[in-house]
Amino acid sequence: MSDLKSQLSEAVEAAFAGLGLPAELGRVTVSDRPDLADFQSNGALAAAKRVGKNPREIAAAVAERLSGDPRLATVEIAGPGFINLKLSDAALTDRARAIAADPRLGAETVAQPRRVLVDYGGPNVAKPMHVGHLRASIIGESIKRIYRFRGDAVKGDAHFGDWGYQMGLLIGAVMDEHPAIAAAVERLNAGIEPPGAAGAAAFNTVTLADLDRLYPEAAAKGKADTDYRDRARRITAALQDRKPGYHALWQRFRDVTQVALERDFHALGVDFDLWKGESDVEDLIDPMVAELDAKGLLVDDQGARIIRVVRDGDKKELPPLLVVSSEGSAMYGTTDLATILDRKREFAPNLVIYCVDQRQADHFEIVFRAAYLAGYALEGELNHVGFGTMNGTDGKPFKTREGGVLKLNDMIEMTRAKARERLHEAGLGENLTPEDFEDIAGKVAVAALKFADLQNFRGTSYVFDLDRFTSFEGKTGPYLLYQAVRIKSVLRRAAAEGFGAEGAAAGPITVAEPAERELTLTLDAFETALAEAYDRYAPNALAEHAYRLSQAFSKFYAGCPILQAEPQVRASRLALAGATLAQLERALDLLGIAVPERM
RNA sequence: GCGCCCUUAGCUCAACCGGAUAGAGCACUCGCCUUCUAAGCGAGCGGUUGCAGGUUCGAGUCCUGCAGGGCGCGCCA
């Protein structure tokens, strides 16, 4: 059974078609004027324009055809020709019951499931994640969940930046600092020592903190000192040839980084199906370049080999994709192109979503065009879902008080500390075990961070204000958790008092009170919010829905006693509360937010 | 220089193919806990949607110009 908006659209579209007008004009939307109607159709206005008739006459004719529909309490013409629809309590009762009985809580699946791959834009090996990675993780995770819930087959790929010159630099820097490691690397490279065993023990002393400290130094030195740079390049080339010592040390870099990344991602409730990286497509690059050449796409230009991607009608001339540099090495975009080819072979995705900073828009446009030219994807299958930057309260990219980049792990810990503090202040979670309390504080912190991000449309930059996010009042993640937990509390109590137990709690819903009407209409809007979030890659539509649902429930909670009501009413309200909880938890889950049992 | 994005209430942000009276939260004022979790609910205050034109029955939304802010523009990733 579809949502009310779709049901009504169908009816009004049929009415338009019956009058010889285009059916699609009958599209129904939630009313802008809840004081006047539940739903509205603006089609008469558009129809009037097309056929040159008075919109109110058309609206009246449509209304005439709708009269007698038992789902509609009233059909009214208002203003210049709006058709206002008010639903009968019976229709709302039916819909509320359907949602309560539906495992999907009123949400539909897509007609044509696709194979979708979400690329989170790749943290780099050797660098801990910082706040800049927060949005990609949060938005990417939500999009992944939304697409999966709609029925697509979705894989998320963390996609490491784990290859290239930077790795050569780091290997050299670590060897300079640790003679024991340098010696072990040389022994492995020379084949004196077989891979594994002793060498690995020396490598185990390398930590992510070391790499994080050494990388900027090495990068600076590589710029200033040509000998140093040349050595790093030689190491890079040898690494790419799988020289055992370098490769083993590189593997250690990758491992320590992944452990740290997994810790941060886990704390955020983010996970991946794939931990692929740039290194995984290294072997594809040479054959790919040969193939591109054979297809006649490569052009020699200023010593480099490029693919031109300009098209007629471009407002500006996009630079070409630089496939092979004048020094013969593969570039950033080359790796991206090889990754597209790899994914085509491995998964044949119908859609690849790159959840990456908006600033890379031109880069992706260039790579995508090259991929289309090469036949590695069909036009439109590659999609850059860009997002704005997260700024500090000064409007500039977020920095710590000392002016440095805030590590993601530190940010999460700061938010957790604030959550603990607030829980204590509110006197919540007092008689809990320390483990449960920590679990709740973690969930509150994640909810605060994620909801603060996802309530904004991804494309715009927003101000990160820890004090505001952690104030936990109003339109915040913790508010949503609080509402969900409050419902759980009522349901628990009902069960404890004997009239909530399974069957009894699921008493048939009857919608009567205004707050019950509003709550049901809000529950019904889940499908619309989900569809919008899906179509526009816009989790904020779902965040908004979750918030409205919480508010509608809170109103219902304040105005309609549940446990004190007459048995029949009580059963109805318990079922309505249960459906609300289920949908709210689902919506939050799609945002990547988990709800504790109590708080 | 060229191109992209942004500018909405004091602050932070919404607004579904162009629709009625542009919505939330915070802040501020007031009311509501002997009843299911008051991190709550209700009411109030707050707007020339940066500016100037245009298209339209109708524009925050589309078009043109201007101002302010951010970002990107071939051998880093």
Side-chain angles (χ1 to χ4, degrees), chain A residues 24 27 29-33 35-36 40 42 45-46 48-49 55 78-82 84 122 124 161 163-166 219 223 278 301-304 306 314-327 329 331-333 335-336 357-363 366 386 388-389 391 393 395-397 422-423 425-426 428 444 452 455-457 459-463 465 468 471-476 478-479 481-483 485-494 497 528-529 531-532 535-536 538 540-541 543-544 547-548 551 554-555 557-559 561-565 573 577 598-599:
Chain A
E24 66 270 18
R27 195 173 64 104
T29 58
V30 170
S31 178
D32 299 331
R33 295 287 305 273
D35 53 320
L36 300 178
Q40 67 186 62
N42 303 336
L45 296 164
K49 199 175 204 170
F82 298 106
N84 282 339
N124 285 324
W163 208 239
Y165 172 67
Q166 48 182 346
K223 270 185 192 162
E278 294 168 349
D301 192 88
Q302 297 168 42
I306 62 170
D314 281 353
K315 280 192 181 167
K316 72 159 182 175
E317 191 173 343
L318 278 175
L321 179 72
L322 196 53
V323 180
V324 183
S325 77
S326 51
E327 294 184 352
S329 55
M331 306 300 293
Y332 176 36
T335 309
D336 283 349
D357 196 316
Q358 189 66 51
R359 286 176 292 196
Q360 310 225 23
D362 282 355
H363 166 73
I366 293 164
T389 52
N391 298 329
T393 43
K396 293 175 187 164
R422 289 292 305 181
L423 285 167
E425 273 174 32
L428 291 168
V444 168
Q455 69 171 302
N456 304 320
F457 180 71
T460 51
S461 298
Y462 74 105
V463 173
D465 181 344
R468 185 159 55 81
S471 79
F472 300 166
E473 275 167 13
K475 196 173 183 177
T476 65
Y479 166 87
L481 294 190
Y482 174 75
Q483 295 299 346
V485 165
R486 205 154 65 150
I487 303 174
K488 290 188 181 190
S489 174
V490 174
L491 297 180
R492 245 197 324 268
R493 190 174 283 253
E497 296 191 17
T528 301
E532 192 191 340
D535 293 338
R536 296 176 59 214
N540 69 307
E544 184 67 24
Y547 181 68
R548 284 194 189 153
Q551 273 191 319
S554 204
K555 231 173 255 187
Y557 182 85
I562 300 169
L563 300 178
Q564 283 79 12
R573 288 179 180 168
R598 61 189 80 218
M599 59 192 270

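Chain identifiers are assigned alphabetically (A, B, ...) following the order of the sequence lines, protein sequences preceding nucleic acid strands; residue numbering begins at 1 within each chain. No hydrogens, no waters, no symmetry mates; every other heavy atom, side chains included, goes into these values.
- Heavy atoms of A:Ala219 sit nowhere under 4.0 angstrom from any nucleic acid atom.
- Scanning both residues, A:His363 and A:Asp336, for their nearest heavy atoms gives NE2-OD2, 2.8 Å.
- B:G46 and B:G25 have their C1' atoms separated by 14 Å, with the value rounded to a whole Å.
- Rounding to the nearest 0.5 Å gives a distance of 7.0 Å between CD of A:Glu278 and CG of A:Asn124.
- The CG atom of A:Leu36 sits 12 Å away from the P atom of B:A20 (whole-angstrom rounding).
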- Query: Given the rule in the side chain to side chain contact (heavy atoms under 4.5 Å, CB included) test, do A:Arg536 and A:Phe457 qualify, once you have shown the distances and angles that lead to the verdict?
  - Reply: CA-CA 10 Å; A:Arg536 296 176 59 214; A:Phe457 180 71; 3.9 Å; yes
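- A donor and an acceptor atom, one from each side chain of A:Arg486 and A:Ser554, are located under 3.5 Å apart.
- Rounded to whole Å, the separation between the C1' atoms of B:A22 and B:A9 comes to 11 Å.
- For B:G3 and B:C66, the P atoms lie 11 Å apart once the distance is rounded to whole Å.
- In terms of polar N and O atoms assigned as donor or acceptor, the side chain of A:Gln455 never comes within less than 3.5 Å of the base of B:A14 in a complementary pairing.
- Distances shorter than 4.0 Å separate some side-chain N or O of A:Asn540 from OP1 or OP2 on B:A15.
- Every residue two or more places apart in sequence or in another chain that forms a ring-ring contact (aromatic ring centres under 6.0 Å, His included) with A:Tyr547 is listed here: A:Tyr479.
- For A:Arg27 and B:C17, a side-chain-to-base donor-acceptor distance below 3.5 Å is present, hydrogens and geometry of angles not being considered.
- The C1' atoms of B:G19 and B:U61 are separated by 11 Å, rounded to the nearest whole Å.
- A:Arg548 has its CZ atom 12 Å from the P atom of B:G25, to the nearest Å.
- Residues passing the side chain to side chain contact (heavy atoms under 4.5 Å, CB included) test with A:Ser489, sequence neighbours excluded: A:Arg492.
- B:C41 adopts an anti glycosidic conformation, its chi angle falling more than 90° from 0.
- When all heavy atoms are compared, the tightest approach of A:Pro478 to A:Val444 is CG-CG1, 3.9 Å.
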- Message: Please determine whether side chain to side chain contact (heavy atoms under 4.5 Å, CB included) holds for the pair A:Arg573 and A:Val490, giving the CA-CA distance in whole Å, both sets of side-chain angles, and the decisive distance to 0.1 Å.
- Response: CA-CA 11 Å; A:Arg573 288 179 180 168; A:Val490 174; over 6 Å; no
- Note on the structure: Note, RNA chain B 5' to 3' with Watson-Crick or G-U pairs under 3.5 Å encoded as ( ), [ ], | and . gives (((((((..((((.....[...)))).(((((.......))))).....(((((..]....))))))))))))....
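- What separates OH of A:Tyr462 from P of B:A14 is a distance of 11 Å, to the nearest Å.
- The base of B:A77 does not come close enough to the side chain of A:Asp336 for any donor and acceptor atom to sit less than 3.5 Å apart.
- In this view, A:Tyr462 satisfies the ring-ring contact (aromatic ring centres under 6.0 Å, His included) rule with no residue, not counting sequence neighbours.
- Shown here are the side-chain hydrogen bond (donor to acceptor under 3.5 Å, both in side chains) partners of A:Tyr332, two or more places apart in sequence or in another chain: A:Gln360.
- Here B:G25 presents its C1' atom at 10 Å from CD of A:Glu544, a figure rounded to the nearest Å.
- Put simply, CD1 on A:Ile366 is 15 Å from P on B:C4, counting in whole angstrom units.
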- Query: Taking protein heavy atoms under 4.0 Å as touching, what does nucleotides 29-39 of chain B look like 5' to 3' if B marks base contact, S marks sugar-phosphate-only contact and - marks none?
  - Reply: ------SBBSB
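- Note: CD (A:Gln551) to P (B:G23) measures 14 Å, nearest angstrom.
- What separates NZ of A:Lys475 from P of B:C41 is a distance of 13 Å, to the nearest Å.
- With sequence neighbours left out, A:Asn84 forms a side-chain hydrogen bond (donor to acceptor under 3.5 Å, both in side chains) with no residue at all.
- As judged by a 4.0 angstrom heavy-atom cut-off over every strand, A:Asn456 is placed among residues touching the sugar-phosphate backbone only.
- Residues satisfying the side-chain hydrogen bond (donor to acceptor under 3.5 Å, both in side chains) criterion with A:Glu425, sequence neighbours excluded, are A:Arg422.
- Here A:Asn84 lies in heavy-atom contact (under 4.0 Å) with a base.
- On the P atoms, B:G60 is 14 Å away from B:A52, given to the nearest whole Å.
- The side-chain hydrogen bond (donor to acceptor under 3.5 Å, both in side chains) check on A:Ser31 picks up A:Gln40, with sequence neighbours excluded.
- Atom name C1', nucleotides B:U49 and B:A24: the rounded distance is 16 Å, in whole Å.
- Side chain of A:Ser461 to backbone of A:Thr389: a donor-acceptor contact under 3.5 angstrom is found.
- The A:Gln40 side chain lies nearest to B:A20 when the options are B:A20, B:A77, B:G25.
- At whole-Å resolution of the value, CD in A:Glu278 and C1' in B:A77 are 7 Å apart.
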Taking N or O atoms only and anything under 3.5 Å, show me the protein contacts with nucleotides 54-58 of chain B, one pair per line.
from, atom 1, to, atom 2, distance (Å)
B:G58, O6, A:Lys49, NZ, 2.8

- Note on the structure: 5' to 3', nucleotides 60-75 of chain B under a 4.0 Å protein heavy-atom cut-off (B base, S sugar-phosphate only, - none) gives -----------SBSBB
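- Straight-line distance between the P atoms of B:C51 and B:C11: roughly 15 Å, to the nearest whole Å.
- Place A:Tyr332 and A:Thr528 on RNA chain B by their nearest nucleotides, and A:Thr528 ends up nearer the 5' end.
- With sequence neighbours left out, A:Ala426 forms a side chain to side chain contact (heavy atoms under 4.5 Å, CB included) with A:Leu428.
- By the 6.0 Å contact criterion, CD on A:Glu24 is enclosed, its count of non-hydrogen atoms from other residues, nucleotides or ligands being greater than 12.
- Heavy atoms of A:Asp465 sit nowhere under 4.0 angstrom from any nucleic acid atom.
- Atom P of B:G47 sits at a distance of 25 Å from the matching atom of B:C6, rounded to the whole Å.
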